[in-house]
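A short write-up of the structure that comes next.
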Amino acid sequence: MKPLREAFYRRNTAVVAFELIGKTLLFERDGIVLSGRIVETEAYFGADDPASHAYRGVTPRNEVMFGRAGRSYVYFTYGNHHCLNIVTEEEGVAGAVLIRSLEPLRGISEMQKRRKRMHIHELASGPGKVTEALGITREHSGWNLTEKPFYVTEPEGAREEWLHIRATSRIGISRAKTVPFRFYVQGNSCVSKR
DNA sequence: TGAATGATCACG
DNA sequence: GTGATCATTCAT
C-alpha cells in the first residue's frame, strides 16, 4: 500500500483527524515492521485554539506545526512521555493531529518488548504508549510521513468502522475543554480509558 | 534565573 | 487519587 500523500494532510485539521481513524500507521525499522490501526485521534489548531502548543505562535518546539503537512511533530511531556502528531493545514498555518491510540497489527512481539506489557489493549492505548510501543522520540520529529519508513496507508479492506466513530472533547487539557475535537472508534478496547 | 505547567502513565 | 520527572515557556 502506498503512503497517504501530502494533499491528504493539507486540509482542515479536524477533517484530517476524523479521516485518519481506521487508517494504518507503519514504522519500518531494523527490518521489523511495526504497525497499527489508528483508533483515536485529536485535532489541535493554532492561534484560535487555546489548548494547542501553537496558540501563542512559533517557538523552537512547535515550529514544525507551522510547516509542511504530512510531517511528524513529536514532543516530550510530563518528564516521561513522548507524543506523536501529524502536521496538517497549508504551510504557514498551524495544525496537527495527535495520534492517541493504535490497535496493533504487525510487530506485536516487538511492541510487547518495548512496552513491557503483554496484552494487546495495553500496548498503544494512549499517546505515550503509542510512542513507547513504536520507539518514537524527539529524534523522529520533522520526518516526512508521506514516504517510507514511517508512513500512513489506507487500511486493508473496507473502512467499516466509520459508522462507529464518536467525537468528544479532548483529554488532558485545561482550556477549550468543550469543543469536540477527539475522535475514536466506539467500543474498541485499544482506545485510551477516561 | 526561576517557577509553573503539562495533548501522561502506572500503581494503590 | 496521586507521585514521578523534566523540557519548555514566560515572567522576573
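A, B, ... follow the sequence lines: proteins, then strands. Residue 1 opens every chain.
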Using a 4.0 Å heavy-atom cut-off across all strands, classify [X] as base, sugar-phosphate, or nothing.
X	value
A:F76	sugar-phosphate
A:I173	sugar-phosphate
A:R115	sugar-phosphate

I need the [atom1]-[atom2] distance between [X] and [N], as an integer number of Å.
X	N	atom1	atom2	answer
A:E132	B:dC9	CD	C1'	9 Å
A:E139	C:dA7	CD	P	14 Å
A:E40	B:dC9	CD	P	9 Å
A:R170	B:dT8	CZ	C1'	16 Å
A:E122	B:dA10	CD	P	8 Å
A:H53	B:dA7	NE2	P	4 Å
A:N80	C:dT5	CG	C1'	5 Å
A:H81	C:dA7	NE2	P	14 Å

Using both distances under 3.5 Å as the test, list the Watson-Crick or G-U wobble partner of [N], or none.
N	answer
C:dT12	none
B:dA7	none
C:dT5	none

field: Under 3.5 Å side-chain donor-acceptor pair for A:T146 and A:R5
entry: no

Indicate whether OP1 or OP2 belonging to [N] is found under 4.0 Å from a side-chain N or O atom of [X].
X	N	result
A:K129	B:dA10	yes
A:R61	C:dC6	no
A:R138	C:dA7	no
A:S174	B:dG6	yes

- prompt: Looking at C:dA7, does its base get a donor-acceptor pair with the side chain of A:Y78 below 3.5 Å?
  reply: no

[X]/[Y] ion pair, N-O < 4.0 Å:
X	Y	answer
A:R115	A:E122	no
A:E110	A:K113	yes
A:R71	A:E6	yes
A:E42	A:R170	no

statement: Side-chain contact check for A:R56: nearest option of C:dT9, B:dT8, C:dC10 is C:dC10

statement: Winner on side-chain proximity to A:T59, out of C:dA7, C:dC10, B:dA10, is C:dC10

query: Hey, which of these two, A:G79 or A:V130, hits DNA chain B nearer its 5' end, going by closest nucleotide?
result: A:G79

- prompt: Taking atom CZ of A:R11 as the centre, does the number of heavy atoms from other residues, nucleotides or ligands within less than 6.0 Å exceed 12?
  reply: yes

- prompt: May A:Y44 be described as stacking on the base of B:dA7, applying a 5.5 Å centroid limit and a 30° limit on plane angle?
  reply: yes

